[in-house]
Amino acid sequence: FFFKQKTAYEILSGLVGSEMCIRDSGGTLFEAFIIRGQLDGYRKYIDKLGLDTVEISDGSMVMDHDVKCEYIHKLAKDYTVLSEVGSKESGILIAPNRWIEMMQKELQAGSIKVIGEARESGNVGIYRPTGKAHVALINKILVKVQSEKILWEAPLKSQQVWFIRNFGANVNLGNIAPAEIIPLETLRLGLRGDTFFQFLPA
């Protein structure tokens, strides 16, 4: 179970579907260094923070995908890598086949999980402008990419409910506000009306 607090993703021990604690630097921090040509500076900063996990993204800047995969491959030699797929810009649309291709290549390059972009607003990437899940896109992705390898950003409660109802309590969710961690856990456990009937015995 993943959540995002500004520039950190963490998996908390003791919560449903988790067995370890991981912190990473956040993808936008990576981009801030890379756009300035400071990969070595990024490594030094990550090491100074004592982080063992990094997030690689290109949602705020233009980056050739092969170059992004090279960064993943390089950094995966020294760190655990998560990589984010999708743009933070609402006007940029990516075809389902391209989503699949990028996710597969990034996993092959060394990412342990790929992140489906949504931003804190929850209305880009894997979501429609209304905030509703882009169901056709998500289903097409899951035909080709294992669900265990994907972390879906779901900043809104309605999105969290949709994923839990459709893919189970242990679905990987990210970009969860710190104050929403416990409420999300109650959704996973069926302790709220939204998911109560999902967990009744047959």
Side-chain angles (χ1 to χ4, degrees), residues 1-5 8-27 30 51-59 65 68-69 71-73 75-86 94 96-119 122 125-127 133-176 180-181 183-190 194-195 198-199:
F1 160 47
F2 293 70
F3 75 97
K4 186 173 185 180
Q5 180 178 1
Y9 271 99
E10 296 186 281
I11 308 175
L12 295 181
S13 61
L15 297 183
V16 171
S18 65
E19 298 176 349
M20 55 185 174
C21 177
I22 294 179
R23 294 187 302 159
D24 85 45
S25 56
F30 165 79
L51 300 178
D52 58 7
T53 303
V54 298
E55 180 188 328
I56 296 177
S57 68
D58 58 353
H65 193 249
K68 181 182 180 184
C69 288
Y71 282 125
I72 293 171
H73 181 69
L75 291 170
K77 295 177 182 178
D78 300 307
Y79 309 95
T80 299
V81 175
L82 302 170
S83 60
E84 190 170 62
V85 177
I94 303 173
N97 287 344
R98 182 59 176 157
W99 276 86
I100 293 166
E101 179 185 14
M102 290 191 293
M103 286 182 165
Q104 290 175 332
K105 285 186 175 181
E106 292 179 24
L107 289 168
Q108 291 169 1
S111 292
I112 64 163
K113 279 182 170 53
V114 287
I115 303 165
E117 174 68 78
R119 297 196 69 176
I126 58 173
Y127 299 104
H134 195 320
V135 178
L137 170 62
I138 292 169
N139 285 338
K140 287 180 180 179
I141 290 173
L142 288 171
V143 170
K144 299 291 185 178
V145 184
Q146 290 181 325
S147 61
E148 295 82 6
K149 294 292 186 179
I150 305 173
L151 188 158
W152 307 100
E153 290 197 333
L156 306 181
K157 177 189 173 186
S158 59
Q159 297 165 352
Q160 298 159 20
V161 169
W162 185 85
F163 272 104
I164 291 170
R165 285 178 173 173
N166 284 277
F167 304 111
N170 291 327
V171 62
N172 294 323
L173 300 179
N175 213 337
I176 310 300
E180 297 301 318
I181 296 169
L184 172 56
E185 185 65 5
T186 61
L187 286 173
R188 292 182 183 276
L189 294 171
D194 306 87
T195 55
Q198 299 296 118
F199 300 93

* In Å, rounded to the nearest 0.5 Å, how long is the span from CG of Leu107 to SG of Cys69? -> 9.5 Å
* **His73 atom NE2: more than 12 heavy-atom contacts under 6.0 Å** => no
* To do: Identify the two heavy atoms, one from Pro155 and one from Ala118, that lie closest to each other, and give their separation to 0.1 Å.
  => CD-CB, 4.3 Å
* So among Asn172, Leu187, Leu173, which one has a side-chain contact (heavy atoms from CB on, under 4.5 Å) with Phe163? -> Leu173
* Working for side chain to side chain contact (heavy atoms under 4.5 Å, CB included), residues Ile115 and Val85 -> CA-CA 6 Å; Ile115 303 165; Val85 177; over 6 Å; no
* Asked: Could you state the interatomic distance from NZ (Lys113) to OG1 (Thr80), rounded to the nearest 0.5 Å?
  -> 10.5 Å
* His65 vs Glu101, side-chain hydrogen bond (donor to acceptor under 3.5 Å, both in side chains): CA-CA, chis, key distance, verdict -> CA-CA 10 Å; His65 193 249; Glu101 179 185 14; over 6 Å; no
* Structure fact -> Taking every heavy atom of Ile141 against every heavy atom of Ile100, the minimum-distance pair comes out as CA-CG1, 3.9 Å
* Structure fact -> Taking every heavy atom of Pro96 against every heavy atom of Lys140, the minimum-distance pair comes out as CB-CD, 3.8 Å
* Asked: Counting N and O atoms only, with roles assigned by atom type, does the side chain of Gln160 sit under 3.5 Å from a partner on the main chain of Ala154, one being a donor and the other an acceptor?
  -> yes
* Asked: Which is it for Leu151 and Val114 under the side chain to side chain contact (heavy atoms under 4.5 Å, CB included) test, yes or no, and what are the steps along the way?
  -> CA-CA 6 Å; Leu151 188 158; Val114 287; over 6 Å; no
* Asked: Please walk me through it: do Ser83 and Glu55 pass side chain to side chain contact (heavy atoms under 4.5 Å, CB included)?
  -> CA-CA 5 Å; Ser83 60; Glu55 180 188 328; over 6 Å; no
* Looking at Trp152, Phe167, Tyr127, which hits ring-ring contact (aromatic ring centres under 6.0 Å, His included) with Trp162? -> Phe167
* Between Thr195 and Ile164, what is the shortest heavy-atom contact and its length? -> CG2-CG2, 4.0 Å
* To do: Report the residues that fulfil salt bridge (Lys or Arg N to Asp or Glu O under 4.0 Å) with Arg165, sequence neighbours left out, ordered by chain and then residue number.
  => none
* To do: Report the distance from atom CG of Leu82 to atom CG of Leu75, rounding to the nearest 0.5 Å.
  => 12.0 Å
* Any donor-acceptor pair under 3.5 Å linking the side chain of Arg188 with the backbone of Val171? -> yes
* Considering only heavy atoms from C-beta outward, does the side chain of Ile112 approach that of Val81 to under 4.5 Å? -> no
* Hey, could you give me the OG/CD1 distance between Ser111 and Ile72, rounded to the nearest 0.5 Å? => 3.5 Å
* Structure fact -> Exactly one candidate in Val145, Ile138, Ile126 meets side-chain contact (heavy atoms from CB on, under 4.5 Å) with Trp99; the answer is Ile126
* Asked: Mind checking what makes side chain to side chain donor-acceptor pair (under 3.5 Å) contact with Lys157, not counting sequence neighbours?
  -> Asp194
* Asked: Is there side-chain contact between Glu84 and Glu106, with heavy atoms separated by less than 4.5 Å?
  -> no
* Asked: Under the side chain to side chain contact (heavy atoms under 4.5 Å, CB included) criterion, do Arg98 and Ile94 qualify, and how do the steps go?
  -> CA-CA 6 Å; Arg98 182 59 176 157; Ile94 303 173; 3.6 Å; yes
* Met102 CE to Asn97 CG distance, which is reported to the nearest 0.5 Å -> 11.0 Å
* Shortest non-hydrogen contact from Lys68 to Ser57? -> CE-CA, 4.1 Å
